[in-house]
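What follows is a single structure, written as structure tokens, with notes after it.
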Amino acid sequence: MIKKIFSTLIIILFATSIQAASKLDTIKQNGELRVGTTGDWDPMSMKDPATNKYKGFDIDVMRELAKDLGVKVNFVPAEWKTIVAGITADRYDISTSVTKTPKRAEVAGFTATYYKYGTVPLVLKKNLKKFSTWDSLNNNNVTIATTLGTSQEEKAKEFFPKSKLKSVEAPARDFQEVLAGRADGNITSSTEANKLIIKYPQLTIVPDGEKNPAFLAMMVPKGDKIWNDYVSNWIKKKQASGFFEKLLAKYNLKSL
Ligand code: KH2
């Protein structure tokens, strides 16, 4: 009996040590880098519905990473509400950038960061008098729209504890609720807000300043230090060589 328990223990130990091998090895062996991406985040990851091809800042980053690894890149469709689960369930080796949040950090690893943004509220221009500050949106007769599974959904609870929160599921988006009058406001990155107010002139940014400086990074499996170090060092090397600077300019993004 004791012998049996002992040999089972040895087998378990052996099996876990095999599992602990780095993704870096499997990626090289398979000749493929599997990248989870949502394809709905302008300008980070955008899927062209006509061709089903991905493009964007993070797509260029991942193509370059795969090129430097000497492997081909395979973009795996992901959704915001399950993007973290895709990492823990090994559906992909890495994700395109997401906002670093404490909740995500509990189960996934974050690489070095390469982009920072601030958060702003969007409201209808015709309501600007009523909603001219962050504070004016924190009220029990106010509805704030969020998109399920995003960092904005996490943050809205903190910013607007008194307000009603309404979460919609992508491809539906929070700002569409504001446009349709079903919500009074939503929050998003200043980068996206500046694009949206051009596309939808009915919308405006609440002129009360940015909050919540947030950092973007790729997600990798939590325990895999070798793979995380590899990608993080690659990011630093590419920052030093000017690769990121050029790419930020290509997509009209501010540098870190
Ligand atoms: S985050 C990304 O990592 N966004 O901050 C959120 O959760 C991206 C704002 C869903 C595309 C649709 C744009 C929400």
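Indexing begins at 1, ligand by ligand and atom by atom, following the structure's order.
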Point to revise | Spacing of OH belonging to Y230 relative to CD1 belonging to I94, to within rounding of 0.5 Å | key: 10.5 Å
Review point. Quick one: are the ring centres of Y200 and F175 less than 6.0 Å apart?
Key: yes
Exercise for review: For atom 6 (C) of ligand 1, grab the closest protein heavy atom and report residue, atom and distance to one decimal in Å.
Suggested key: Q152 OE1, 3.5 Å
Review point. Going by the atom numbers of ligand 1, which of them fall below 4.0 Å from some non-hydrogen atom of S151?
Key: 1 (S), 5 (O), 7 (O)
Exercise for review: Heavy-atom contacts with Y117 under 4.0 Å: which atoms of ligand 1 show up? List them by number with element.
Suggested key: 5 (O)
**Study point:** Interfacing atoms of ligand 1 (cut-off 4.0 Å, heavy-atom, V98)
**Key:** 3 (O)
Practice item. Would you mind reporting whether I205 and I197 have side-chain heavy atoms less than 4.5 Å apart? Key: yes
**Study point:** Beyond-backbone contact of N138 with P161, side-chain heavy atoms, under 4.5 angstrom
**Key:** yes
Point to revise | Over 12 non-hydrogen atoms of neighbours within 6.0 angstrom of NZ in K164 | key: yes
Exercise for review: Return the set of residues passing salt bridge (charged side-chain N to carboxylate O under 4.0 Å, His left out) with K23 (not counting sequence neighbours), or none when no residue passes.
Suggested key: D90, D93
Practice item. State whether the shortest distance between N or O atoms of T150 and N or O atoms of ligand 1 falls below 3.5 angstrom. Key: no
Check your understanding: Please state which protein non-hydrogen atom is closest to atom 2 (C) of ligand 1 and give its distance, to 0.1 Å?
Key -> W80 CH2, 3.2 Å
Point to revise | Pair S232-N228, side-chain donor/acceptor within less than 3.5 Å | key: yes
Review point. What's the shortest distance from atom 11 (C) of ligand 1 to any protein heavy atom, and which residue and atom give it?
Key: D40 O, 3.3 Å
**Study point:** Within-shell test, F175 vs ligand 1, heavy atom, strictly < 4.0 Å
**Key:** no
Review point. Taking the non-hydrogen atoms of M44, is any one of them nearer than 4.0 angstrom to ligand 1?
Key: no
Check your understanding: Which residues, ordered by chain and number, are linked to W134 in its hydrophobic cluster, where ILVMFWY side chains connect at heavy-atom gaps below 4.5 Å, directly or through other members?
Key -> V123, L128, F131, L137, V142, I144, F159, F160, L165, I187, V206
Exercise for review: Heavy-atom contacts with R104 under 4.0 Å: which atoms of ligand 1 show up? List them by number with element.
Suggested key: 1 (S), 3 (O), 7 (O)
Exercise for review: Please confirm whether M219 comes under 4.0 Å of ligand 1, counting heavy atoms of the residue only.
Suggested key: no
